[in-house]
Amino acid sequence: MQKIMVVDDEEVLRMLIEDTLEDLENVEIHTAENGLEALTKLSTDPYDLVILDYMMPEMTGIEVLQQLDEEKKKTTAILMLTAKAQDVDRIRAVEAGARYFMPKPFSPMELLQIVEGILSGEEK
């Protein structure tokens, strides 16, 4: 069973992502509404993929990645979501440990295809 955590301060978006991914086979989906909650969950449980919002109050997605230990970054795929699709943001996210980057807004089908690719190891 693969595990995904969706981290976003916007409840509607968390629910949309969760609903989009719930039909994936052998996948368990967890959510966190902020960076601190995500770090707590990541410290106790392994996840195959974290879908992480770039801009959140109190702790940004970049700050979450900066506090995440290097071993977790090696074993956990990070898909960074952002409404700020500037190159500098993408570079900052990749430097902090994100392996994948997706601009908002996105279609549920597009997200599903990317997540399936990441989980299957086909997305590079």
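Both Leu13 and Val115 sit in one connected hydrophobic cluster of ILVMFWY residues. Membership requires side-chain heavy atoms under 4.5 Å apart, directly or through other members. Hydrophobic clustering, with ILVMFWY side chains joined whenever heavy atoms are under 4.5 angstrom apart, groups Val27 together with Leu49. Tyr100 and Val94 sit in two unconnected hydrophobic clusters of ILVMFWY residues. Membership requires side-chain heavy atoms under 4.5 Å apart, directly or through other members.
Note on Glu37 versus Lys41: salt bridge recorded, some NZ/NE/NH1/NH2 to OD/OE distance being below 4.0 Å.
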*Would you please test Asp53 and Lys104 for salt bridge (Lys or Arg N to Asp or Glu O under 4.0 Å) and show each step?*
CA-CA 10 Å; Asp53 187 22; Lys104 291 179 186 178; 2.9 Å; yes
*Please assess Glu10 against Arg14 for the test salt bridge (Lys or Arg N to Asp or Glu O under 4.0 Å), listing each intermediate value before the final yes or no.*
CA-CA 6 Å; Glu10 295 179 44; Arg14 275 194 323 270; over 6 Å; no
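Nearest heavy atom pair, residue Leu16 against residue Pro108, reads CD1-CG, 4.3 Å. Considering every non-hydrogen atom in both Ala98 and Leu65, the closest pair reads N-CD1, 3.7 Å. Scanning both residues, Ala32 and Met5, for their nearest heavy atoms gives CB-SD, 3.9 Å.
The environment of CD in Glu58 is sparse: at most 12 heavy-atom neighbours from other residues, nucleotides or ligands sit within 6.0 Å.
Between Ile91 atom CD1 and Asp87 atom CG the span is 6.0 Å, to the nearest 0.5 Å. For the atom pair Ile4 CD1 and Leu24 CG, the distance stands at 6.0 Å (nearest 0.5 Å). To the nearest 0.5 angstrom, Met1 atom CE is 11.0 Å from Asp48 atom CG. The structure places CG of Leu111 at 5.0 Å from CZ of Phe106, a figure rounded to the nearest 0.5 Å. Rounded to the nearest 0.5 angstrom, Gln66 CD and Arg92 CZ are separated by 9.5 Å. In this structure, CZ on Phe101 lies 6.5 Å from CZ on Arg90, to the nearest 0.5 angstrom.
In terms of modelled atom types and a separation under 3.5 Å, the side chain of Arg99 and the main chain of Ile118 share no donor-acceptor contact. Within the 3.5 Å criterion, the main-chain N or O of Leu119 finds a donor-acceptor partner in the side chain of Gln2. The closest donor-acceptor contact from the side chain of Gln113 to the backbone of Glu110 lies at 3.5 Å or more, if one exists at all. In terms of modelled atom types and a separation under 3.5 Å, the side chain of Lys72 and the main chain of Leu42 share a donor-acceptor contact. Between the Asp9 side chain and the Met56 main chain, no donor and acceptor come within less than 3.5 Å of each other. With hydrogens and angles ignored, the 3.5 Å screen pairs no side-chain donor or acceptor of Thr76 with any backbone N or O of Lys73.
The only member of Asp8, Leu81, Ile62 that meets side-chain contact (heavy atoms from CB on, under 4.5 Å) when paired with Tyr54 is Ile62. Shown are Leu21, Thr31, Ile78, Ile29; of these, the side-chain contact (heavy atoms from CB on, under 4.5 Å) with Ile51 is made only by Leu21.
Taking the side chain as every heavy atom from C-beta outward, Leu79 and Val50 never approach each other to under 4.5 Å. Taking 4.5 Å as the limit, every side-chain heavy atom of Met59 sits out of range of all side-chain heavy atoms of Asn34. Inter-residue side-chain proximity for Ile114 and Met102 is flagged as met; some heavy-atom pair is nearer than 4.5 Å.
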